[in-house]
Amino acid sequence: MSPHVLIIGAGVGGLTAGAALLKAGYRVTVLEAHVYAGGSAGTFYHKKYRFDAGATLAGGFAPGGPHHQLAEMLGDLEWPIQPVDPAWVVHLPDGRAVTQWADPEQWQAERRAAFPQPQAEKFWRTQEMLADISWDISTRPFPWPPESIRDLFTLAGSLRPKTLCSLPYLFRTIGSFAPTDDLMFKTFLDAQLLISAQATAVEANALYGSAALDLPRRGVNHVQGGIGALAETLSDWIQAHGGEVLYRQEVTKIERGADGRATAVETKRGLRLEADFFLGNLTPWALEKLLGEDTPPRLTRTVANLEPTWGAFMVYLGIDQAKFKARFPQAAGHHQVVQDPTIPLGETNSVFVSLTDFSDESRAPVGESPVTMSTHTEISQWWRWREQDKAVYAAHKEAYLQKMLDAAELALPGLREVITFQTTGTPVSFERFTRRPQGMVGGFPQKSIFGARGPHTAVSNLLLVGDSIFPGQSTAGVTLGGLRVARQVAQALPRPVTHQGVTRIAPSEVPSGQN
C-alpha cells in the first residue's frame, strides 16, 4: 500500500499539496474543522449571501503561474475564473485615482500621469526588472529557505545569468530605492505593499515587494462563486481521484511516538487516524497547541519569539444592483482607499472594497450582490474590548463600520443608499470560523528573504503549509508553498505503489517553486 499523507486543514496550500501528492500516487486524507474548504480564502453562506471571508482577488493563473502549473500537472482540473482588468483603483488622499491596469502599456501611461517625476519612472523600471527575475524564478523548483543539501543543489540549478542582477538588492527594501519627495507616491506604495506583503515600503524586501507590486500586471481574476471556489475545486478533484476530504473534523491532538515522529491525529468527534506523514495547514501557534506537551523545545522557542501578525476587520454588504448601476454606471470592481497620509495605514485609514461581478448570480438574492470591505487591524485590541465589556466591543465594531463606509464613499459616493444588508467581522470572528489563533490572517510580513520561514517544525514527518511559510499570503503564494512541500514529502517517503490504469507522476516531477 502506498504511504499515507494526512493534511490538517483544507486551505488552498494544504489542498494543493494534497492534490500534487495524490497525483504522484500517495494516499491522501484532508481533515477540515469547518463545513467548507478555503479557510481565510473561503466563501461562507449567510442570510442568502455568499461572502468571501477575506481574500477577494486571485492571481497566479497566467502561463507559468503557480495555479497554472498545478492545473497542468493534474491534467484535468479547470479553475472557475475570469480575468479582471483593471485590477483595482487606488484613491489617494489628495484626490488622485490611480488605476491598476493589467495591460503594461496602459499601466505605464497611468503611472506617468499620476506620478510624473523622473525619479518615479526610474523606480518603476527597477521594480519591473526585479519583479521579472522573481516571477521567473518562481516558475522553477526554488525551495526557499533551503533546509537541506538537496535544497541547496536545487537552488543552484534554478539560477540563471540574469538572476545576478538582483544581487545588489538582496538586503535592500523597496523604500531604499523609491523616491521620497512625493508623499502621495510613498502612500501609494505603502498601501499596495501592506495588502500584498504585510509591510510598508520602508520594511518590505526589495525582491518580494517588487513581485508583489507587479501582481496586477501578472493578472488577477474574479472567481465564479466566490474565492472559496478555488479550494472547493481542489477538494472536489482530490475526492474524485480517490483521496479523502473530511469536513466537520476538527483536529484536537497530534500524537508522537517514542522516536519523536508524528504517528496519528485525534479529532473533536472522536476520529483517530494514523499516517506516515503529516502536513499542517496551520499557523505555528495552532501547531503548538495541537502538539501540546509533545511540542519539541525548538518549536516552543520559535513560537515564543514570533510577533503576532495582522488581523482584519471586515464589512460584508448586500447591495441593490439596479440602484447601484444607476448611481455608478462605470464603477470598477475593486477599490483601495487611503484617507490620511500622515498616520499609519490600517485601522480604517486604508480600506479595500470589492464588488462582485453582477453576472455571478450564485452569490446573493435575485437583484442583489455582495460587497466585501477590509482593513488591517491590530488583533489584541479586539480581544481586550470583548473581554472588557460586550457593549464596548459592539461600540467599536459600529465605529469601524461607519468609518469604513465613509472611506468607501470617497470612491463610491452615496454607497450607503444602495445597501440592503450589512454585517461585520473582527479577529474574534476569524478565530471562531477559521480556527486561526487570535484571528491572525495574512501571514508574516515579508521584510527579509533571509528571515523567511520554511515548512520545518522540528518533527521530521510533520511540515507546515499555508501562509505561515514562504512566500506567504495570497492563493498564489500558498500554492507555491504547497508545491514545494509536496516535493519535500515525496523526497522523504518511499515511492508509492502504482496501480494499473491510474496515471501517476514520479515524486521527482512534483513541481515546486518559491517567489
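Here salt bridge (Lys or Arg N to Asp or Glu O under 4.0 Å) pairs that include residues 50-63, with residues two or more places apart or in two chains, are R50-E232, D52-R363.
Between F171 and F450, the distance separating the two ring centers is shorter than 6.0 angstrom. Ring centers of Y316 and F44: under 6.0 Å apart, within the cut-off. For H67 and F61, the ring centers sit closer than 6.0 Å to each other.
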Verify side-chain contact (heavy atoms from CB on, under 4.5 Å) between I8 and V30, making sure each step is shown before the conclusion. CA-CA 6 Å; I8 305 170; V30 183; over 6 Å; no
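Under the rule for a salt bridge (Lys or Arg N to Asp or Glu O under 4.0 Å), D276 has no partner lying at least two apart in sequence or in another chain.
Checked against S468 for a side-chain contact (heavy atoms from CB on, under 4.5 Å), the options L282, L306, T283 give a single hit: T283.
A salt bridge between D467 and R436 is present, with a side-chain N of the basic residue lying under 4.0 Å from a carboxylate O of the acidic one. Of the charged side-chain nitrogens involved, none lies within less than 4.0 Å of a carboxylate oxygen, so that D76 and K23 do not count as a salt-bridged pair. Checked for salt-bridge contact, R269 and E250 miss the test: no charged N lies under 4.0 Å from a carboxylate O.
Annotation: side chain of F358 is not in contact with side chain of E361 (no heavy-atom distance under 4.5 Å). Taking the side chain as every heavy atom from C-beta outward, S196 and L215 never approach each other to under 4.5 Å. Between V485 and T16 there is no side-chain heavy-atom pair separated by less than 4.5 Å. In this structure the side chain of L193 never reaches within 4.5 angstrom of the side chain of T200, judged on heavy atoms.
Between F352 and W88, the angle of the ring planes goes over 60°, which puts this pair in the perpendicular group of the 30/60° scheme.
Atoms CG and OG, on D259 and S460 in that order, are 7.0 Å from each other to the nearest 0.5 Å.
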